[in-house]
Amino acid sequence: MTRRTCGALRITDSGTNVELDGWIHRRRDHGGLIFVDLRDRDGITQIVFDPQYPAFADAEHLRSEDVVRVCGRVRNRPSGTENAKLATGEIELAAEQLEILNRSLVPPFQVNVDENADENLRLEYRYLDLRRPRMQRNMTVRHRIIKAIRDFFDERDFLEIETPLLIKGTPEGARDYLVPSRLHPGSFYALPQSPQLLKQILMISGFGRYMQIARCLRDEDLRADRQPEFTQLDVEMSFCTQEDVLEIMESCMRSIWLRVLDIELPPFPRMSYADAMSRYGTDKPDLRFGLELVPASDVFTPTEFMVFKSTIESGGEIVAVRYPGGAALSRREFDALVEEAKLLGAKGMVWIALGADGVKSSVQRFIEERHANELALRMQAERGDAILLFADARDAAFAVAGRMRLEVGRRCGLQREGDFRFCWITEFPYLEINAETGKPIPAHHPFTSPAEGEWDLIESDPLRMRAQHYDMVLNGYELGSGSIRIHQPELQRRIFDMLGMTPEQIDAEFGFFVRALDYGAPPHGGMALGIDRIVMLACGEDNLREVIAFPKTQTARDLMMDAPSPAPAEALRELHVQVKP
RNA sequence: GGCGCUGUAGCUCAGUUGGUUAGAGCGCCGCCCUGUCACGGCGGAGGUCGUGGGUUCGAGCCCCAUCAGCGUCGCCA
């Protein structure tokens, strides 16, 4: 008697005695004969209970999700009753002994059908949800991707080094999760937003090539592609150029896609930040389709249409998006599209329909034939298409046009599943203006090295300074970013200085790091990629919760454990923490 | 914090203009059935319409508030 799994048995096993353990997937009771589909992670095997064995009596009482052990003989199914849908469909197990290892209550949703149960229920009874094929598959893909990553970097002489979870907080960036210290009243650890400074210190420590599958935590609001707790592929290399990092990370992704999905990826195209913003209105373009944005202010110079006129006069921009087949929309549908645009942040939207019976527009009397013709020519629009126009301050106009481009792409079915369009975005600006304070802050983090030859801009024109920073983007999702770091202490101080930090502030916040730079820090750089997002896209999911075993809700709760929850008074006392009523 | 969507049987959903006893499929329970595989047949149980308030002769449906989930903007160096 050998123990086997439920997806393993084949016709060649016929005649052997085996033991199968698993869950009751489904029972088909014919009165004088009972079929049971037995399920484990490996698959499903049909068990047949015949009245000639005592197990039959127990089988009559089996229910979905009961856990059983079945012993019997593997046999070929009678001719004509094979099931081509099952890998084990040519055989069945004739049960001789049945042991009920554990009963199950009736589950709150059906485990054995692909029914979209309510997310509350799925998360509360996550163990049942995880039993279902979709989640079993996603967790398997996740494992294989992480395995492929570790293999890839191991083959290239990288060391995986763990970094602590209880670390020092940083005032900038995302909000930290804090952990009160019992031994140090009033002091707190922070949970890492990323192991950024630690991995740089590992370079200073001489490890040369580091990687880690690292858990990161950020106390910010959630999105479909953002969980408070997530996993990064963290990489750092010494004596490297930006080109070295791009090469190895791109190779890694190519390796994953080949090993896990059996897909050969082409080289990743590269695009500057400025290009991405003006062609797609975002720094994470979805390259599965074209429909690039087109600036159109000059077409409407001059115009009597006040919205356009004032936009142009105030230095704004009119940005056009092509909507293939959009001329077929009814006026009512265009109205709905305008509302949608407003939800996406547009002040308004002008549409031009290039219909078979002529040009129509929401601002008919201002749109002349030559406007439509010139736009159509410029954006390769055809008869039957529509053109959507957004007028606003330059950045805002491109941003909203970029969001509408995605909406158009979605409506036209251009975001094909199984189509993987990676790209690199490079030449990011070093600084951006903080909307609240009006002061310049690093667009990424202050350890990023400015672009070569642009150090002097610190004094002359800091906002024009670019960073040796790069993002990897896939199908409109930012997978991650990296940079070449500053390794000379005096240059690091110049950056802090530019950001208006006093020596005291530097010492309090980053003293340990700046000191480390003083002891022979090698040139280094690296990158971090969001593994959850990679797995999500590889699985064809549009939501991180589908690829994380125990995810949080949008309000950062765990519905299964019911976390967070109040702490006992004694625990709070020990932690020197007082909760305001 | 803003905006939007959702909440009706265990599950997925329908529920007309506000009007009699709130329905369907699946699941569940019972009986029957020896080749099914989403088995089949017969019968049955099961509802605080998320919660609280309001309008009305009358509310699942309209209004207000609130809770939960989802999406999104802000936020995420």
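Atom set for the values below is all heavy atoms of this structure, side chains included, hydrogens, waters and symmetry mates excluded. Chain letters run A, B, ... following the sequence lines, proteins first and then strands; every chain starts at 1.
Using a 5.5 Å limit on the distance between ring centres and a 30° limit on the angle between planes, the aromatic ring of A/F35 counts as stacked on the six-membered base ring of B/U36. The ring of A/H30 lies on top of the base of B/C39, close enough and flat enough: under 5.5 Å between centres, under 30° between planes.
The nucleotide B/G7 finds its pairing partner in B/C67, both defining distances of the Watson-Crick or G-U wobble pair being shorter than 3.5 Å. B/G35: no Watson-Crick or G-U partner with both key distances under 3.5 Å is found in any strand. The nucleotide B/U16 finds no pairing partner, because no Watson-Crick or G-U wobble arrangement with both distances shorter than 3.5 Å includes it. Across all strands shown, B/G43 forms a Watson-Crick or G-U wobble pair, both distances under 3.5 Å, with B/C29.
Between A/F496 and A/F510, the ring planes lie parallel to each other; the angle is under 30°, not in the 30° to 60° tilted range.
Taking atom CZ of residue A/F49 and atom P of nucleotide B/G35, one finds them 18 Å apart after rounding to whole Å.
For A/T553 and B/G69, the shortest distance from a side-chain N or O to OP1 or OP2 is below 4.0 Å. Note on A/S64: every side-chain N or O is 4.0 Å or more away from OP1 and OP2 of B/G27. Phosphate contact (OP1/OP2 of B/A38, side-chain N/O of A/K85, threshold under 4.0 Å): present. At the phosphate of B/C29, OP1 or OP2 sits under 4.0 Å from a side-chain N or O atom of A/R63. Taking side-chain N and O atoms only, A/R26 has a distance below 4.0 Å to OP1 or OP2 of B/C39. A sub-4.0 Å separation between OP1 or OP2 of B/G71 and a side-chain N or O of A/N543 is present. Not one side-chain nitrogen or oxygen of A/R28 sits closer than 4.0 Å to the OP1 or OP2 atom of B/U36. Taking 4.0 angstrom as the limit, A/R557 places a side-chain polar atom (N or O) nearer than this to OP1 or OP2 of B/G69.
Rounded to whole Å, the C1' atom of B/G46 lies 24 Å from the corresponding atom of B/U6.
Listed nucleotides B/C70, B/C75, B/C28 differ in distance to A/Q554; the shortest reach to its side chain belongs to B/C70.
Residue contacts shown for A/R545 are limited to sugar-phosphate atoms, with no base heavy atom under 4.0 Å away.
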